[in-house]
Enquirer: 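Structure incoming, see below.
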Amino acid sequence: MNEVMDMNDIKSMTMEEMEEMILSMGEKKFRAGQIYKWLHKELADDYDAMSDLSKKLREELAAARPLFGVREIRRLESAKDGTVKYLFALHDDNVIESVLMRYKHGNSVCISSQVGCNMGCKFCASTVDGCVRSLTPSEMLSQVYAIQKDCGERISNVVVMGSGEPLDNYEALLRFIKMITDENGLNISQRNITVSTCGLVPKIRTLAKEKLQITLAISLHAPNDEKRKALMPVAKAYSIDELMEACRYYFDSTGRRVTFEYALVAGNNDGEEDAMQLCALLKGMGAHVNLIPVNPVTESGMKRPEMKNCERFRDRLIKGHVNATIRRELGSDVNAACGQLRRSHLNN
Ligand code: SAH
């Protein structure tokens, strides 16, 4: 997938790039700081709001640098837990989804990193039609901004766990992380950002070298190569051994423990032998495993195990000294899982 970076896209520009742009327009350098603040702190959607800029500059900017945001086309709020699922349209009418989850420790937003996905995981609704295109940094930022404005409360956590493979959109992802954690923007702590990957080993190694304090979550979903290959095509490119080696390298480079996601599929990867293999694999890593009873997706035919089987699986891991929890399900009444809202929109 091509990395998308349109340098006309002002909302994807760093402060330094904006300074360069503003100087080239014959303006004073400090104007860049004003514009940056309007875009990334005040979350302005149009130039008219930028009241400390001259009308002439606002008009010039509007003509040369159209603002790309996201447009809400559907909003579903869970009656159970206040989770809100958003369907957003992009400027080219592609559609993505994002989720607001409310926790005691703060508001967390789950964003998409691509329109669709190329990774082909068998249980995932986002990948059914492949990847249409990657999102720009501004489109990733705009999901968080739109949701913060909609809920009227500060967003403290971001998880890049919506549609798409973030490490398949690496440059845009890094820029997004830099900008969302910038003190001139929303200033979210790196520690409150989680990036989830299906396990693109070379990119994990590259990311390790950036020495960010974000949390890396690995979608493991199976305890051995054979089963993993059947669920996730990426496992044909990289073995579990290579993946684990990259995770250890990530931990050694950043000091940040990697977490693992494991979608439990009834009769597939939820047996006693699976739990034992998983323990052997993760032993001594101090890793945390998030168990997610698989969300049934029409196209996959996969079913979630009964809760008592999920609990048994979890208890086996804990007995094997692997820290594990079953992910609390939020927003189940609003299609909040894994690309389902976009799919039901596309299927209509
Ligand atoms: N491509 C990245 C991030 C997006 S998916 C990744 O693979 O990690 C976010 C998480 O949701 C991943 O762990 C993914 O495997 C999981 N997921 C996707 N579809 C699911 C489903 N139907 N049920 C449970 N988890 C699912």
Side-chain angles (χ1 to χ4, degrees), residues 1 85 96-99 101 108-131 134-135 140 143 158-170 172-173 176-177 193-201 203-204 207 214-222 227-235 237-238 243 246-247 250 258-266 268-270 287-305 310 313 324-332 335-344:
M1 180 51 44
K85 182 96 189 204
I96 52 166
E97 57 186 77
S98 325
V99 190
M101 292 159 291
S108 181
V109 167
C110 172
I111 65 160
S112 294
S113 57
Q114 296 179 317
V115 180
C117 183
N118 265 339
M119 297 298 122
C121 300
K122 294 287 185 288
F123 43 80
C124 179
S126 302
T127 201
V128 175
D129 294 324
C131 179
S134 284
L135 298 189
M140 289 190 246
Q143 297 170 63
V158 174
V159 296
V160 189
M161 275 196 189
S163 297
E165 168 49 48
L167 298 190
D168 188 32
N169 186 16
Y170 187 82
L173 173 78
F176 164 77
I177 294 171
I193 309 240
T194 299
V195 171
S196 177
T197 177
C198 65
L200 300 180
V201 165
K203 289 283 166 58
I204 294 173
L207 184 65
I214 60 168
T215 298
L216 183 65
I218 305 286
S219 298
L220 190 58
H221 302 323
K227 285 200 174 179
R228 197 160 187 266
K229 281 183 197 165
L231 289 173
M232 306 175 73
V234 68
Y238 310 108
L243 181 56
C247 290
Y250 188 88
V258 171
T259 65
F260 294 91
E261 288 151 279
Y262 193 102
L264 286 163
V265 183
N268 181 311
N269 62 1
D270 63 340
H288 182 93
V289 181
N290 261 320
L291 297 169
I292 317 154
V294 76
N295 289 296
V297 172
T298 325
E299 285 84 352
S300 82
M302 289 177 189
K303 298 209 166 51
R304 50 173 50 190
C310 298
F313 195 91
T325 46
I326 299 173
R327 184 179 290 167
R328 188 160 69 95
E329 204 173 14
L330 292 176
S332 55
N335 253 339
C338 314
Q340 292 179 356
L341 184 59
R342 174 168 175 266
R343 276 227 69 71
S344 60

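Both ligands and their constituent atoms are indexed starting at 1 by order of listing. Remember, predicted model here, so these are calculated numbers, not experimental data.
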Enquirer: Could you tell me whether the side chain of Glu97 and the main chain of Lys85 form a donor-acceptor pair under 3.5 Å?
Expert: no
Enquirer: Any atom of ligand 1 sitting under 4.0 Å from a heavy atom of Met119?
Expert: no
Enquirer: Run the contact test for Ser163 against ligand 1 with a 4.0 Å cut-off on heavy atoms, strictly below, and give the result.
Expert: no
Enquirer: Side chain, backbone, both or neither: which part of Ile218 comes within less than 4.0 Å of ligand 1 when only heavy atoms are counted?
Expert: neither
Enquirer: Return a yes/no value for Ala263: is any of its N or O atoms, backbone included, closer than 3.5 angstrom to an N or O of ligand 1?
Expert: no
Enquirer: Does His221 come within less than 4.0 angstrom of ligand 1, counting non-hydrogen atoms of the residue?
Expert: yes
Enquirer: Have Glu165 and Thr197 got a donor and an acceptor in their side chains that come within less than 3.5 Å?
Expert: yes
Enquirer: For Phe313, check ring pair (Phe, Tyr, Trp, His ring centres under 6.0 Å) against everything at least two apart and list the hits.
Expert: Tyr262
Enquirer: Specify side chain, backbone, both or neither for Glu165, according to which of its non-hydrogen atoms lie closer than 4.0 Å to ligand 1.
Expert: both
Enquirer: Got an N/O contact under 3.5 Å between Gly164 and ligand 1?
Expert: yes
Enquirer: For Ala217, which residues count as a side chain to side chain contact (heavy atoms under 4.5 Å, CB included) partner, sequence neighbours excluded?
Expert: Met161, Thr194, Ser196, Thr259, Glu261
Enquirer: Check if Ser113 has a non-hydrogen atom at a distance under 4.0 Å from any atom of ligand 1.
Expert: no
